[in-house]
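Everything on this sheet refers to the single structure shown next.
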Amino acid sequence: MSNPSQPRALRRELGVAGATLLGLGSILGTGVFVSIGIGAGIAGPAVVPAVALAALVAAANGSSSAQLAAAYPVSGGTYEYGYRLLHPTAGFMAGWVFLLAKTASAATAALGFAGYTLDLIGAHPDRAVPVAVGVVTAVVALVLAGIRRSSQANAAMVAVTVGALGVFVIGSLGRVDQAFLLPALEGPGAAPRFFEAAALMFVAYTGYGRIATLGEEVRSPARTIPRAILVTLAVSLVLYVAVAYAAVGSVGSAVLATAAGSTAAPLEVAARSLGLPGVAAVVAVGAVTAMLGVLLNLVLGLSRVLLAMGRRGDMPAALARLDRHGRTPVWAVAVVGATVVGLTLTGDVRLTWTFSAFNVLLYYALTNAAALRLPAEQRIYPRWVAVTGLVACLLLVVFVDARVWLVGAGVIIVGVAAHRLRQRLRPGWTPPGRSG
């Protein structure tokens, strides 16, 4: 019989295949269809090696996430790991920056969906914000139906997305012009631009973290989570590098950058310029399903972190309430949806994506720091993997736009200060110490 004083646990319904598809659904979206164009505007043709560098950093971080999630298979991801292995303030900070990072990513996905949808039907791009708001509302309704239905919808969207990317790569390879790829890393400030592009592209891989934040809903987590994360990263690396090479090599970085700034649909613009019948439409359809998949998985992950924070008292307790079937945290999902809607009103994909990059790099720095605290018997990978991930995150975050640095640091400080003030106003509450 369950203890009524303990919070209800979510049902474990995901295996390796389902978890991997959720990871791919989180990754194969905004990153490949939008951020490659943004990265091309920053680093030019050097965005191709930047994609590969970002994958190496993601692999180190993914290894840390995998072993932490296997050791602590609960909702919340690094929010929980920080509390258990570092310090309560570090745990809260991890949860806070995750919410900041991924609500910005979700808004980017919603705006990307709107951009590709409007381009597909030939409508004017000035309608992007209301379309983005509408799709967020629809995704929230789907997530409220529970993880099983969300997983089934995600699997269908991933299949369409991968197929569309395959069509684009095959259609582009015969038109690759090496002249578009050669002038990488030239000119003043080339190295900082390269690392800034790598920082932004790193965010494109971090959807694997959704597997960790859904740890409470995974069957046999010690086996399932590490396998699903590594498979997700391997498949994503191959697809991202292939798409970046094909896109830059066939149309040039300047075309991609211009398209990312004007329509939020750079890959579709590149596909149209190939002159192959039907390819642009296939890419646009794949992009629409990809953005839906990313948005779906982000709402899932964000709501689970809010669930964990509500359970611990760092957020209102109502956010920890589940529906009567124990499948979804209803109020947490609703709050996430409302917040994402608010961010879509900016209408600026570059701003939302850069803000996400700043926060997600800090989040994974905390992930790696927590992984370094794991005892030997819980460690799957050697310590140098976590050290590599920690150093890489701290180095890359330096190259994020200075204006985003100021705003992001300010929001983090305000959040932590408000958390500490809330503690003081509740004298009977003692923050939990470290464990592990």
Side-chain angles (χ1 to χ4, degrees), residues 19 23 26-27 52-98 101-102 195 198-199 201-215 218 221-234 236-237 301 305 308 357-400 412 433-436:
S26 300
I27 291 177
L53 174 61
L56 295 177
V57 178
N61 288 289
S63 299
S64 293
S65 293
Q67 59 188 354
L68 285 163
Y72 302 104
V74 294
S75 291
T78 304
Y79 168 72
E80 281 293 328
Y81 315 146
Y83 255 99
R84 293 169 185 252
L85 296 168
L86 297 173
H87 187 274
T89 300
F92 174 82
M93 183 175 171
W96 183 238
V97 297
F98 179 87
K102 295 306 179 179
F195 287 113
M201 290 310 305
F202 169 72
V203 184
Y205 287 101
T206 55
Y208 65 78
R210 215 68 60 250
I211 300 170
T213 56
L214 296 172
V218 173
R223 176 182 66 89
T224 298
I225 293 173
R227 291 185 182 183
I229 286 178
L230 292 179
V231 172
T232 297
L233 280 172
S236 301
L237 167 62
V305 172
F358 171 80
N359 286 286
V360 84
L361 283 163
L362 294 179
Y363 176 82
Y364 281 103
L366 290 167
T367 302
N368 286 291
L372 288 171
R373 298 276 304 176
L374 278 172
E377 63 272 14
Q378 293 180 318
R379 192 174 299 283
I380 301 174
Y381 307 106
R383 287 174 59 87
W384 66 262
V385 175
V387 171
T388 301
L390 174 61
V391 171
C393 285
L394 293 177
L395 286 176
L396 287 179
V397 78
V398 172
F399 294 97
V400 173
I412 292 170
R434 292 181 302 189
S435 63

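Computed over heavy atoms, backbone and side chain alike; hydrogens, waters and symmetry mates excluded. As the structure is a prediction and not an experimental result, all values here were calculated from the model. Residue numbers count from 1 along this sequence.
- Aromatic ring orientation, Trp96 versus Phe92: parallel (interplanar angle below 30°, classes split at 30° and 60°).
- Scored by the side chain to side chain donor-acceptor pair (under 3.5 Å) test, Thr367 finds Thr78 as partners (sequence neighbours excluded).
- For Leu237 against Ala55, the heavy-atom pair with the smallest separation is CD1-CB, 3.3 Å.
- Under the side-chain contact (heavy atoms from CB on, under 4.5 Å) criterion, Val387 pairs with Leu372, Val391, not counting sequence neighbours.
- Ala371 pairs by the side-chain contact (heavy atoms from CB on, under 4.5 Å) definition with Ser64, Gln67, Leu68, Ala386, not counting sequence neighbours.
- At least one side-chain heavy atom of Gln378 sits under 4.5 Å from a side-chain heavy atom of Tyr72.
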Next item on the list: Report the C-alpha distance between Arg383 and Leu374 in whole Å, list the side-chain angles of each, state the deciding distance to 0.1 Å, and finish with yes or no for side-chain contact (heavy atoms from CB on, under 4.5 Å).
Entry: CA-CA 9 Å; Arg383 287 174 59 87; Leu374 278 172; over 6 Å; no
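- Residue pairs meeting the side-chain hydrogen bond (donor to acceptor under 3.5 Å, both in side chains) criterion with at least one member in residues 53-63, sequence neighbours excluded: Asn61-Asn368.
- Residues Leu396 and Ala198 approach most closely at CD2-CB, 4.2 Å, considering heavy atoms.
- Between Leu394 and Ala365 the shortest heavy-atom distance is CD2-CB, 4.0 Å.
- Note: Tyr364 and Phe202 have perpendicular aromatic rings, judged against thresholds of 30 and 60 degrees for the angle between ring planes.
- Shown here are the side-chain contact (heavy atoms from CB on, under 4.5 Å) partners of Ala392, two or more places apart in sequence or in another chain: Val57.
- Here Leu56 pairs with nothing under the side-chain contact (heavy atoms from CB on, under 4.5 Å) rule; sequence neighbours left out.
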